[in-house]
Amino acid sequence: MEETIDLRQLFGTLKKRFWLIALITIIAATISGVVSFFVLTPVYEARTQILVNQAKSEQQFYNSSELQTNVQLIQTYNDIIKSPAILGEVTKQLDLDMTPKQLSSQIQVTNSQDSQVAHIVVQDTNARLAVKIANTTASVFKKEVPKIMSIDNVSILAKAQLDEALSPVKPQPFLNIAIAVVVGLMAGVGLAFLLEYLDNTIKNEQDVERVLQLPVIGVISIIKEEELKNLSSASYVSAVRGESRGA
Amino acid sequence: MRSLISHQKPKSPITEQYRTVRTNIQFSNVDHDIKSIMVTSSFQEEGKSTTAANIAVVFAQQKKKVLLVDADLRKPSVQYTFQLQNHLGLTNVLTRQMVFHSAVQATGIDSLDVLTSGPIPPNPAELLGSQAMKDFMEEIYEQYDIVIFDTPPVLPVADAHILANQCHGLVLVIKSGHVEKDSALKAKDILENAKGKLLGVILNQKQHSDDEQYYYYGTK
């Protein structure tokens, strides 16, 4: 019987520690907000689109298996783009102060499902540099790929542009705050239950009867200060009344 | 100042709670009259003295002749509750320096007298266990309907164990949310080993939850 979870009791625990939970949540949200707004350097993103298409000597209608091949080739291109052969050239051209390996961690190649268009996405703390890297990578890739794969089938669809209103993609303060709120709530609720579990004190009549097996002969509530304060003013009033009655 | 709420606000719900304690004590033993009640707790600051004083008041409100004795010879406090002097008291009586009559003080509350602790002695446990104490108790039982002893806490010092089997009934005050279950159990064991008759527990300073509110019944 004791093992049943009493929902009201759970609720009571949460209510009792409401301020603790709220405080932890607010602190978590504040820290996350401060960190995302002031500490983390914003990261900008630039993307170029490249089209991967097999230029065939005898032009035929597209068939789906060919399309599929091209799509699958994008995986290969992804590796090629991130290979030192391409990125080494990019760093050389842009005079970047990093190794191709470091650069590759900033670059992502993606394509949408069943599409021959691939995106080269570059993230950098400097928006201008992100654009430059994206464009250079695309052009170097376009230039180098015939040498590597002996096919000439890459064209650049859209170059990355430095948008005036380019806003950083990272950090996302509001997402971070939202995550912090959820995590804070969970931590707070967890802590509330932990404290409740660790609180081994006698709190109510049931505790006395169950633990001590003694009868409870009385329960005295907390005597509030105000209750005693009322009283002095009440006796004062009655004293004044007494006087006026006498007069 | 300690609150003597049962005297100052006889109609407050808290006073009503003290009256329930009174009733329960009176009904807890039908065959033998309970003439002395020892109020103690596991630790200090659980509200022993406040409880003892308020119970004394509600008994006095029943027109019983009540004596409140401060048997806490280490940290006496009854004099503060009733705003009395503590130059003379229980220790003077136990060391036979003076007779009980000249040491007892009236409180201004009808039929309630107080015996403060007197000067703090070096050997409180010995004094409480002395033959003088037994004689003193015999003497006061003849003069009062009920005697309430405010004692030191059970766990830190031995004084309460010594008094436990000399009183007719023991009341353990437990401050809600303050005493670990193990400590309370230990206090209970000590009192029972001392052959005291444990009447029950007064759960003190309990916080109300919203779903069990107490309202004033009648006028404030």
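Residue numbers begin at 1 in each chain, while the letters A, B, ... track the order of the sequences. What you see is a predicted model; the values in this text were computed from it and never measured.
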Summary of side-chain hydrogen bond (donor to acceptor under 3.5 Å, both in side chains) pairs that have at least one residue in residues 183-202 of chain B, sequence neighbours excluded: none
Would [X] and [Y] pass as an ion pair if we require N to O under 4.0 Å?
{"X": "A:Glu196", "Y": "A:Arg17", "value": "yes"}
{"X": "B:Glu46", "Y": "B:Lys48", "value": "no"}
{"X": "B:Glu45", "Y": "B:Lys75", "value": "yes"}

Partner chain A: residue of B:Asn24, B:Ile25, B:Leu198 with the largest heavy-atom pair count (under 4.5 Å): B:Asn24
Top contributor to chain A contacts, counting heavy-atom pairs under 4.5 Å, from B:Asp182, B:Asn204, B:Val179: B:Val179
Is it the backbone or the side chain of [X] that comes under 4.5 Å from a heavy atom of chain A, or both, or neither?
{"X": "B:Tyr18", "result": "both"}
{"X": "B:Val171", "result": "side chain"}
{"X": "B:Ile174", "result": "side chain"}

Pairs involving residues 162-191 of chain B, ordered by first then second residue, that meet ring pair (Phe, Tyr, Trp, His ring centres under 6.0 Å) (sequence neighbours left out): B:Tyr141-B:His168
Quick check on [X] against chain B: is it the side chain, the backbone, both or neither that has a heavy atom closer than 4.5 Å?
{"X": "A:Asp199", "answer": "neither"}
{"X": "A:Leu214", "answer": "side chain"}
{"X": "A:Val211", "answer": "both"}

Shortest non-hydrogen contact from B:Leu172 toward B:Leu191: CD1-CD1, 4.2 Å
CD/B:Gln205: more than 12 non-hydrogen atoms of other groups inside 6.0 Å: yes
Test item: side-chain donor near acceptor, A:Gln123 and A:Gln106, under 3.5 Å: no
A:Asn204 vs B:Ser176, side chain to side chain donor-acceptor pair (under 3.5 Å): CA-CA, chis, key distance, verdict: CA-CA 7 Å; A:Asn204 50 34; B:Ser176 167; over 6 Å; no
Residues of residues 142-154 of chain B near chain A, each having a heavy atom less than 4.5 Å away: none
Partners passing side-chain hydrogen bond (donor to acceptor under 3.5 Å, both in side chains) against B:Gln85 (at least two apart in sequence or in another chain): B:His87
